[in-house]
Amino acid sequence: MSNNNFSYESRDGRVRRKRAKKKRFTRTMRIWSLVFFALFFFAFLFLLIRIYVLDKNDGNRYRKAALAQQSYTNAVLNFQRGAIRDCNGTTLAVSIRKYNLVLEPRTLNNNDQMHIATVEALSSKFNVSRDSLEEIIANKPNSMYEHVDSLKNLSEDDVESFKKYMSENENIDGVWFEEIYTRNYPLKKVGCNIIGFMGSDDQGTYGIEENYNSELNGVPGREYGYFDSDMNLKRTVKNARDGNEVILTIDAHVQQVVEDQIKWFQKKSDAGAAKHVGVMLMNPNNGEIYAMASESTFDLNNPRTLETMYKKKDIEEMSEEDKKQALMTMWSNFCIGSAYEPGSTFKPFTVAAALDENVVNDNFTTDCSGVKNVSGTEIHCAVRTGHGTLNLQHILMQSCNVGLMDIVAKLGKNKFYNYTKLYGFGQRTGIDLPGETSGLVHSKETLGPVELATSSFGQTQTVTMVQMMSGFCSLINGGKYYQPHLVKEIRSSEGEVLEKKEPLIVKTTTSADTSAKLRKYLKATVEEGTAGPAAVKGYSIGGKTGTAEKRPVSKHKYLVSFIGAVPMEDPKVAIYVIIDEPNVSDQAHSTYATQFASRIMKKVLPFLGLYAEEEKKNDNDAN
């Protein structure tokens, strides 16, 4: 019994000892915590006092040393985008140097006298509010690059005047001028659909500006800066490389004359206010385009306004979606981006194919009664009473549909299809502009007897103006199909020729013999046939008319056209005119296009170095 009591008491004693030991440990930890906190507090207080003393005695020296180690990028230096010029050097697009004023608050905050003098100078010279300047300096005290909204796009004269003033007053500092460039189009609307314009992201949009963006753009430079130990700003400049110049084949004067004539046609001619009017002038011997225009124009310096094409009242009634669509239409280039049925201007292509395949010759004749039955479908000629018997030349001269259907029947659908592709229809020409479309031609499978017949005279297949022009030039120049192009040269900003765009012969489309025959037929078509109104006194002109009935035929809408060249013995200039839906009740008359073509040629041919025979004779007599 006693042993058990002893054991119990021993355990109780051990418990009491453990509890006492724990209490002593807790008291010890509390004491040490207080000691540690006290030491930490005094150490922190010592550091604060030390920092205060250092800042008071050596703060400026340390700040200078820190700034001397701190580098920064001051600014990107903009390049000058390359100019666009016509073949004679006339400037069509150029980037003009402007300036943004850059303020350096950190520099100004280091010197009160400089601060006051600089703000006073800026306020007086640029008529800017002192408060606005002080607000920028106060809000961004350590910045070295701050724009002032009212001091952007400054002229070079204003900047040079202020720089001179700065040089006369040593207290003015912390200000410099950042070069920027704004795109300007001196001739405003001239060539607008060819040239294109600059988008909000400073990238080319439409036309040459877009297609040659990488050439026109340069490489930006950069300006670096740092402070030395005496707080003097040191700068290092890596200069920008300016963009290259693009020289066009376009003649700006001829382009302007063509555009003015289109404007005249739309406003003053008997068939004015047509749906579309398109004109192209091209060199048949190298693919260079001299002019390319339509009724759609806009001011390149303000491309997002519709007022050049629409009345203010009409614009106000447009929805936002309508306005977007109108802008897209206005900016697009009709000559490369719109496809249509060409009508009888296609006939020389069918005749050329048949001649090259020897299925017809000069002795070929047809008997036109005014209609031809093709697989149960009656297809009419333009002259419903018929032309009677015609030979090959007169089939073109009189634009006889029956004659073309007889010719294509001999040629056959396979060969016709192959030649259609050879002439470049149904595919892009590769012209150096964005937005080219390909048109639509029949496949061999869909080229049934009726489709073959109607396609022979330019119906049921669609083409573009640039396709027609390129293919036609190959027919009259001896068979060489040149890739059409608008750029003649690429030059550096210093004027060095970097690249010369040599004429590119893509393929041969016809024989020299066939080409000679076509020139003879087409000349007779102007002198004795349906294209008579296209004649210009003193010039040897040849060409073909077109009158295409648009779908649906029930609406009796027509696209009339003329395609030709001068002088026909050795063509130097080709012209193509289309008038889509002349504003008259009876549209089916190619006379609207031939007369307009004649009017344009009278005005532009001398500028292209082609003179009437009488003028040549007078010049020779004078010599």
Side-chain angles (χ1 to χ4, degrees), residues 191 193-194 196 206-208 210-211 249-250 258 262 274-284 287-296 328-350 417 419-443 455 457-476 481-486 504 506-507 509 543-548 550-551 558-565 574-581 593 597:
N193 302 110
I194 298 170
Y206 290 93
I208 297 296
E210 179 179 332
N211 206 62
T249 62
I250 293 293
V258 170
I262 291 175
K275 183 177 181 180
H276 294 295
V277 177
V279 178
M280 282 186 68
L281 292 167
M282 185 170 170
N283 186 331
E288 291 185 355
I289 295 172
Y290 295 137
M292 173 189 283
S294 71
E295 84 293 341
S296 175
M328 297 287 284
T329 301
M330 185 176 74
W331 294 335
S332 63
N333 188 326
F334 178 83
C335 299
I336 67 169
S338 296
Y340 53 89
E341 294 183 9
S344 295
T345 48
F346 191 86
K347 289 176 180 176
F349 295 96
T350 304
Y417 171 82
Y419 273 97
T420 296
K421 302 297 284 186
L422 178 64
Y423 297 141
F425 299 114
Q427 53 203 300
R428 295 180 179 88
T429 63
I431 188 172
D432 45 355
L433 285 178
E436 183 183 10
T437 191
S438 60
L440 187 63
V441 299
H442 293 294
S443 64
S455 295
F457 53 83
Q459 298 280 181
T460 70
Q461 298 194 117
T462 63
V463 302
T464 65
M465 287 191 73
V466 69
Q467 284 176 346
M468 284 290 290
M469 190 60 131
S470 302
F472 179 77
C473 285
S474 75
L475 294 187
I476 62 171
Y481 186 103
Y482 289 96
Q483 186 173 62
H485 61 281
L486 287 144
L504 176 61
V506 179
K507 54 194 169 184
T509 60
K544 183 71 188 74
T545 57
T547 305
K550 299 178 69 175
R551 309 282 185 251
Y558 290 82
L559 183 146
V560 297
S561 59
F562 172 79
I563 194 165
I575 183 170
Y576 187 25
V577 171
I578 71 163
I579 300 171
D580 186 8
E581 297 184 20

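Applying the side chain to side chain contact (heavy atoms under 4.5 Å, CB included) rule to Arg428 yields the partners Glu436, Ser438; only residues at least two apart in sequence or on another chain are considered. Listed by chain and number, the residues in a side-chain hydrogen bond (donor to acceptor under 3.5 Å, both in side chains) with Thr249 amount to none (sequence neighbours excluded). Every residue meeting the ring-ring contact (aromatic ring centres under 6.0 Å, His included) condition with Tyr206, not counting sequence neighbours, appears here in chain and number order: Trp331. Not counting sequence neighbours, the partners of Phe349 by the ring-ring contact (aromatic ring centres under 6.0 Å, His included) test are Phe346, Tyr423, Phe425. Residues that satisfy the side-chain hydrogen bond (donor to acceptor under 3.5 Å, both in side chains) test with Tyr481, not counting sequence neighbours, are absent from this structure. Judged as a side-chain hydrogen bond (donor to acceptor under 3.5 Å, both in side chains), and not counting sequence neighbours, the contacts of Gln459 are Glu341. For the side chain to side chain contact (heavy atoms under 4.5 Å, CB included) test, residues two or more places apart in sequence or in another chain that qualify with Ser296 are Asn193, Ser294, Met309, Met330. Residues forming a side chain to side chain contact (heavy atoms under 4.5 Å, CB included) with Glu295 (at least two apart in sequence, or on another chain): Ile262, Gln266, His276. Considering only residues two or more places apart in sequence or on other chains, Glu210 meets the salt bridge (Lys or Arg N to Asp or Glu O under 4.0 Å) condition with none of them. Under the salt bridge (Lys or Arg N to Asp or Glu O under 4.0 Å) criterion, Asp432 pairs with no residue, sequence neighbours left out. For Tyr419, the side-chain hydrogen bond (donor to acceptor under 3.5 Å, both in side chains) partners two or more places apart in sequence, or in a different chain, are Glu357. Legend: residues meeting side chain to side chain contact (heavy atoms under 4.5 Å, CB included) with Thr460, ordered by chain and number and at least two apart, are His442, Thr454, Ser455, Arg551.
Separation of atoms OH (Tyr482) and OG (Ser474) is listed at 10.5 Å; rounding is to 0.5 Å. Once rounded to the nearest 0.5 Å, the distance linking CE of Met468 with OG1 of Thr345 reads 3.5 Å. Here the OH-CD distance, from Tyr576 to Gln467, works out to 10.0 Å after rounding to the nearest 0.5 Å. Distance check: Ile431 CD1 to Asn333 CG gives 7.5 Å after rounding to the nearest 0.5 Å. Once rounded to the nearest 0.5 Å, the distance linking CE of Met469 with CD1 of Ile289 reads 8.0 Å. For the atom pair OG1 of Thr509 and CG of Leu475, the computed distance is 5.5 Å after rounding to the nearest 0.5 Å.
Listed here is the closest heavy atom pair of Pro342 and Gly458: CD-O, 3.3 Å. Nearest heavy-atom pair, Thr437 versus Ser338, reported as atom, atom and distance to 0.1 Å: CG2-N, 4.0 Å. In terms of heavy-atom proximity, Val441 sits nearest to Gly426 at CG1-N, 3.8 Å. Of all heavy-atom pairs between Ser561 and Ile578, the closest is CB-CG2, 3.7 Å. Scanning both residues, Ala339 and Gly439, for their nearest heavy atoms gives CB-CA, 3.9 Å. Residues Ser470 and Thr429 share a closest heavy-atom pair of OG-CG2, 4.3 Å.
Looking at heavy atoms from C-beta onward, Lys550 lies in side-chain contact with Glu581 at the 4.5 angstrom threshold. Here the side chains of Asp580 and Val277 are not in contact, with every heavy-atom distance at 4.5 Å or above. Between Cys335 and Val466 the shortest side-chain heavy-atom distance does not fall below 4.5 Å. With contacts defined as side-chain heavy-atom distances shorter than 4.5 Å, the pair Tyr290/Ile250 does not qualify. You'll find the side chain of Pro484 reaches within 4.5 Å of the side chain of Met282, heavy atoms only. With contacts defined as side-chain heavy-atom distances shorter than 4.5 Å, the pair Met292/Ile336 qualifies. At least one side-chain heavy atom of Tyr340 sits under 4.5 Å from a side-chain heavy atom of Met465.
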Fill in: Chi angles and distances behind the side-chain contact (heavy atoms from CB on, under 4.5 Å) call for Leu433, Ile208
CA-CA 6 Å; Leu433 285 178; Ile208 297 296; 3.8 Å; yes
Discussion item. Quick one, Glu288 with His485, criterion side-chain contact (heavy atoms from CB on, under 4.5 Å). Give me CA distance, side-chain angles, the key distance, then yes/no.
Written reply: CA-CA 5 Å; Glu288 291 185 355; His485 61 281; 3.4 Å; yes
Discussion item. Please evaluate residues Ile575 and Phe562 with respect to the criterion side-chain contact (heavy atoms from CB on, under 4.5 Å), reporting the C-alpha separation (whole Å), side-chain torsions for both, the decisive distance (0.1 Å), and the verdict.
Written reply: CA-CA 8 Å; Ile575 183 170; Phe562 172 79; 4.2 Å; yes
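Not one N or O on the side chain of Ser344 forms a donor-acceptor pair closer than 3.5 Å with the backbone of Lys347.
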